[in-house]
Structure formats: C-alpha cells, structure tokens
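No hydrogens, no waters, no symmetry mates; every other heavy atom, side chains included, goes into these values. In the text below, chain A, chain B and the rest are named by the order of the sequence lines, each starting its count at 1.
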Protein chains: 2
Amino acid sequence: MQTTVTLRDVARAAKVSVSTASRALAGGGLTSKSTEARLQRIAAELGYRPNTLARGLKTRSTRLVGLVVHNLTNASFRVLAEVVQRRLRAEGYQALLCITADDPEQEAETIETLADQRVDGLIICPTGHNGALLASLDASGTPVTCVVRRDETVELETVLAADPEGAYAGTRHLLELGHRRIGLIVGRQETTSGRERLSGYRRALEEAGIAFDPTLVHAGRYEPETGLAGCRQLLDRDDRPTALFAANHESALGVLRGLAERNIALPDDISLLCYEDVPGFAWQRPAISVVDSGANAMAELAADRLLQRLRPNAAPSAAGEYRIGARLIQRQSVRPVAH
Amino acid sequence: MQTTVTLRDVARAAKVSVSTASRALAGGGLTSKSTEARLQRIAAELGYRPNTLARGLKTRSTRLVGLVVHNLTNASFRVLAEVVQRRLRAEGYQALLCITADDPEQEAETIETLADQRVDGLIICPTGHNGALLASLDASGTPVTCVVRRDETVELETVLAADPEGAYAGTRHLLELGHRRIGLIVGRQETTSGRERLSGYRRALEEAGIAFDPTLVHAGRYEPETGLAGCRQLLDRDDRPTALFAANHESALGVLRGLAERNIALPDDISLLCYEDVPGFAWQRPAISVVDSGANAMAELAADRLLQRLRPNAAPSAAGEYRIGARLIQRQSVRPVAH
DNA sequence: CTTGCTTCCGCAAACGTTTGCGGAGCATGG
DNA sequence: CCATGCTCCGCAAACGTTTGCGGAAGCAAG
C-alpha cells in the first residue's frame, strides 16, 4: 500500500513551495534553469507522477477522447479503433473505447457517460438518433467528429468513405467484364452508406444503359445472415445473376455460405465482388476481389481532424465533410462473364 | 458554451447546503425522504451531472479500468475487448482500451499512463517484461488480472485458456481419424500458449505411441506469414503430413494460402484443424474445423474476477490461476485419412 | 542612496466533490 | 420539566493540482 507521492512531497523535499514545484515541472521557463533541473531530478527520484484527476479538475482538460463504435468485428470499426488509438496516443491522448451495438439507447447513455468523464473530444460512428446530444456537446466546447456514418439530423464534422464512387467503381468493373445481371446485397436504406452504395450501383448501371431492376437488390443489416438470405433469394431466380456484389465484408461471408449450399463454384459459376477488404479475403481461396473502402485512411483522417480541433488555437467546429476514396483490388473471385 | 451546472447550483436552487445536496443525490438515506426526492427533481430539471474528476479526486476511485491487449485483429483480443467492455459497463465501469502491439516498451508506457489516470483496475494480456510494474500496481491497491497470457516473472491473478488440454483434444481428434503425421504450426516457444499447445500435441502423440518428430512442428508469431512458411516447409517433405494443426486463427489463414499455392484441396488432399474459432471459419467453404479456445468465457471470467476484487469488501489479491476449457467444433476441413 | 526594472518565487484561491463532526429541532420516556 | 436520543442538516476541511497576484531579491542606472 504505497502512499503515493504528491507534488507537496516533491516541494518539501526540494524546500520550495508547491507552486514553484508545479511551475518547475511544467518547464515553461517560469522558474530558473537551476531549480527546474533540480526539481526534475527530485521528482524523478521520488517517483512522482502527477494526479491527472486533480490536474483535469483545475485545467478542465483530461487528455481523454471518447471513441465510440458499433462493434469490433466489423473491419472498419476494428481498424478505426486501432489507428485512432495509436494516433491519439502519439499526441498524448488516451482513447476511451465504447461499444454501442448500433443501439440508440446505448449510444445516448454512452455519450452522457463520456461527457461526465469530461473527455476532451469524441470520435463517433453515430446511430443517427442522438444528433442533438452530440451537437450540444460540440457546441459546448467538446469537439465531436463523426466517422463512417453521418448523423443527418445535425451539422457536425464528418469523415466518410466515398461510397457512391466506390460502389460505382465496383459495379462498373463488373460491367466491363460483361456482366449484365448483377445482384446487390446492400445495407439498410436508413443508413447513409446503404443508400450511397446503392446509388453508386444504380448510376453505373444507368450509364451502361441497363435498366435498374429492384428485385436484384437485397437490403439488410451488415451481417452474414443478410448475405445468406440475399444470396438465396438471388439464386432462386430463373435468370440468375452472373455476378454478386456484397456491400460489406460480413454479408460476403453469408454469400459464401449461400453459394456453397448450392454448390456454386467461385468464380467459375458466378463472380463475387465485395465492398470492404479484410485480411481473410486476401488469404482465402479463391481470394476475394474487393473494393477497399479505405478504412485506414478514414481513421487517420478522423484522428487528424479531431486532434486539429483539440489544439489550443482551436478553430470553432467547422462542420466540414471529408471523403476517403475507395480502391478496387482485383483478386480471383470475379471473372469475365461466359457467353 | 454552456456553463456547466454544478452541485452548488443545485444546492442553491433548493436552498440547502452543498453537503445536503450531495447526500440527497447519493441517496443513502442520509437525508429525509422528502428532501431527497426534491433534490433529485431539481437536479434533473437543471440537468446536473456530477463531475467525475472531482468525485474521483475525493473518493480515490474513478470508475475506470484499463484494458490492454496486443491488437484487435486477433480473435481472442477482439472478443476480449468486446465482452469486457460490455461486462464492465453493466457494473458502471468504463474501459480504457490500450494497444501495445506486444511491445514491452509500449506496454510499460501504457501501464504508467493508466496508473496516472488512477484506473480502479487493470485487465491485461502481458508481454511478460513488465511484471514488476504490474505487481507493484496490484500491491498498491489497483487490482490487476492477467488474461490470455501469463506473466511468469510474477504472481498475479490470471485467467488462461486450457491450452494443453485443447491442443491435446485437437490432435487426439486427428489421431482418432487415422492421421499419423500431423504437422503443427504453433506460437513462439517463449510464450506460455506456444509451449502449452505444443505440449498438448506431444502428449496426445505419445499416448498414441507415436514418436514426436520435431521437424513436423513450425513455430513462429501468430501471423498469416508464419502459417504460410510453416505450410510450405511441411508440404515440401517427402512424407507429407496428412493433417495440419494450425495453432491460431491467423496462421491458419497462411496455411490456407499455402495449400492453394500448391493446389492441395481441403479436405480431400489434406486435413486442417485450427486452434481458435472465428466467424469466417464457420461461413467459408469448406468450413474449418476448430478447437474453440473459449475466448468468450475467458473474457467473461476475467471481467468477473476483476469486478469481484473491485467490490468494497475486496479480498486481498488472490493470485489464483483460472483455466477455461476448450471445445472441439467439427466442421468440414478434416476427414479420416485415406489408406 | 534612491529609483526602477527583471527575475524568481510564495501565498492563497480555486476547480467540484465527499464526509467527519457537531448542532438544531423535535419527540419520547421518566 | 429535564434528560436522552434520534433525525436531519450545515460548516469546513480535504483530495492534488494550477495560476493570478504580489513581494523579495538582485542589479543597473541615475
């Protein structure tokens, strides 16, 4: 039961006042060079570590930022958590990781808790139901940047994937290989990403002079189960699609299973393209072609933006929107259509 | 720029002293029922939220616990993060997630930072190089429980997978199907899990009266590259193994790739069993048989143990060791050996 | 020797809570 | 009517910092 050593102890050992000790350790040149050095030494010898609570109470700045995501299995969120954590730490911040399971209620509770903790900032993938809460946080001096998803009810700094372009590029890739009937398994249309990925798909189709067929798209949650359901539905048609475009990596897993169920071989019998890359896709067989949504870059940018606004000369929350470009990665799961 | 409402404001509005306000909101029956209700109401109306910093400073208890893992891509760590976070929150704690990349230096820094934040407890997968630091934390009243890996330099509460039994069960499963040459791809022998998984493998072999052949095992980091290298090495032998046992899910990815390189079909040409389950394995084709190391249960137990020691009537750090049983899940990637 | 300027440091207040101690009010029992 | 006990509340100190303000030295110039 070590009695933790406080600033008073350091000051007493150095025979100076607490204030001098504080200033010396802060090192802003507020004390003479000699006392500064001396106190640094004594503090080190005593093993002094400042109490962040007390400091935070006084300075109104814990160096904590909240990071809230839906889960950690989704690839975007996983890399988001990893790189944000790393970037923040490099700048002396700590990440407070929270998981909402995409549930507005949990999200609200989480945000409140984080506010109570007096986090300096917040990076969040919003559900879209707590805009007011977020906005008031941001307005009251705790910068909030949204990522991956946009909360449409409110104006906040947001960094997103270039989903329309990504989906466009992906379906266009399939079209160029001769595919005409392309099944799309996409996210719920209440979400930005769901809508945008669908719209990119449509645009590519229309440009190619192909009528949009709504029965070729299956929308649902980003889970393997929707992939499976969508796959079954699409495969049951008389005019079976020659290619499938799964709009996220988890639904692609379901598609894989669905194909296996019916003994449909990839890529011989059908082509599969997937939105979002994940290590397993590169390693498995056949390797899955993807359009990489740029989760890494997105995370980096989100961290950058927030850190920017965390600096002393903070610009007053510019509610900008940033887009991260997508990138097609060709592997083995798509091939030209046979005729 | 809202001026945050403090306890003083509530007290003033209710025309009582700050202390009464504090007690009323705490609700321990230290005030009359009526004032308690009245203050609850007023606090709610004013939107009062207690300042956790001030509270922590006074009570010497933030309700924060550090959670430090090597990364988030490894399945064990991912579910660890998810379930620990969930369990903690259910009890009113917040998780402070840190990532060390299995680097002792980053780990040391992380631990210090967490100590500075005055976390109430720590759940950590240790590198094994900062035992002293952890032990002193634990001794000074901040319970530390290790998970997944044991820090052998020191006595701390630890919850581990039953690796020897798991590996034993897995290779035994293969043996029962007639396999005699079983290639093992395993973790570095400096880690507990690496050694224990190897020892389980050996024991099963010896029980079956098969001589242990060190050239059949390939040890390395838990990464796809290790799996690939190991796979190549094992496949280059004249007497090629009839089954492969990949001792973690990431190396299994490498094995998959290695097999594909040489056009070796699963499970017709060779069997593959994998330690650690991961959603993709169940969905992909052929579905990979695994021995599930029980990451979920491990995480639950770790959280339980720590929470237990966090309770007021805290038992003085019992440095126990807990083991989580493994479970064989048969899917499609292993089959009886052909003769 | 006084004046004025610089450099360095100490005093004390403040941040927003919690909590030991004691006091006021009131009822109860002798 | 007094002693006693109980219930409820306020005073003030404390947790460990940071920081505005003022004062003590030191030194140079007049």
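Within 4.0 Å (heavy atoms only), B/S32 reaches sugar-phosphate atoms of the nucleic acid but no base atom. As judged by a 4.0 angstrom heavy-atom cut-off over every strand, A/T35 is placed among residues touching the sugar-phosphate backbone only. Within the nucleic acid shown, B/R118 has no heavy atom closer than 4.0 Å to any nucleic acid atom. Note on A/R60: only backbone sugar-phosphate atoms sit closer than 4.0 angstrom, heavy atoms only; bases stay farther off. B/T31 comes within contact range of the sugar-phosphate backbone alone, with a heavy-atom separation under 4.0 Å but no base atom that close. Note on A/T59: only backbone sugar-phosphate atoms sit closer than 4.0 angstrom, heavy atoms only; bases stay farther off. Heavy atoms of A/S19 sit under 4.0 angstrom from at least one base atom.
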Donor-acceptor list for residues 89-99 of chain A side chains, cut-off 3.5 Å, not counting sequence neighbours:
{"unit_1": "A/R89", "atom_1": "NH1", "unit_2": "B/T110", "atom_2": "OG1", "d": "2.4"}
{"unit_1": "A/R89", "atom_1": "NH2", "unit_2": "B/I99", "atom_2": "O", "d": "2.7"}
{"unit_1": "A/R89", "atom_1": "NH2", "unit_2": "B/Q106", "atom_2": "OE1", "d": "3.0"}

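Counting non-hydrogen atoms of neighbouring residues, nucleotides and ligands closer than 6.0 angstrom, the CD atom of A/E321 exceeds 12 such neighbours.
Of the N and O atoms on the side chains of A/S17 and A/S19, at least one donor lies less than 3.5 Å from an acceptor on the other residue.
Exactly one of A/V69, A/L137, A/V144, A/L67 qualifies for a side chain to side chain contact (heavy atoms under 4.5 Å, CB included) with A/I124. That residue is A/V144.
Salt-bridge formation is not detected for the pair A/R55/B/D116: no Lys NZ or Arg NE/NH1/NH2 atom is positioned less than 4.0 Å from an Asp or Glu carboxylate oxygen.
As rounded to whole Å, 15 Å separates atom P of C/dT7 from atom CD of A/E36.
The residue among B/A54 and B/L30 whose nearest nucleotide of DNA chain D is located toward the 5' end is B/L30. Checking B/R38 against B/K58, the closest nucleotide of DNA chain D that is more toward the 5' end is the one next to B/R38.
The shortest side-chain heavy-atom distance between B/D151 and B/L134 falls under the 4.5 Å cut-off.
Chain A approaches DNA chain D within less than 4.0 angstrom (heavy atoms of the protein), and the contacting nucleotides run 5' to 3' from D/dG16 to D/dG20.
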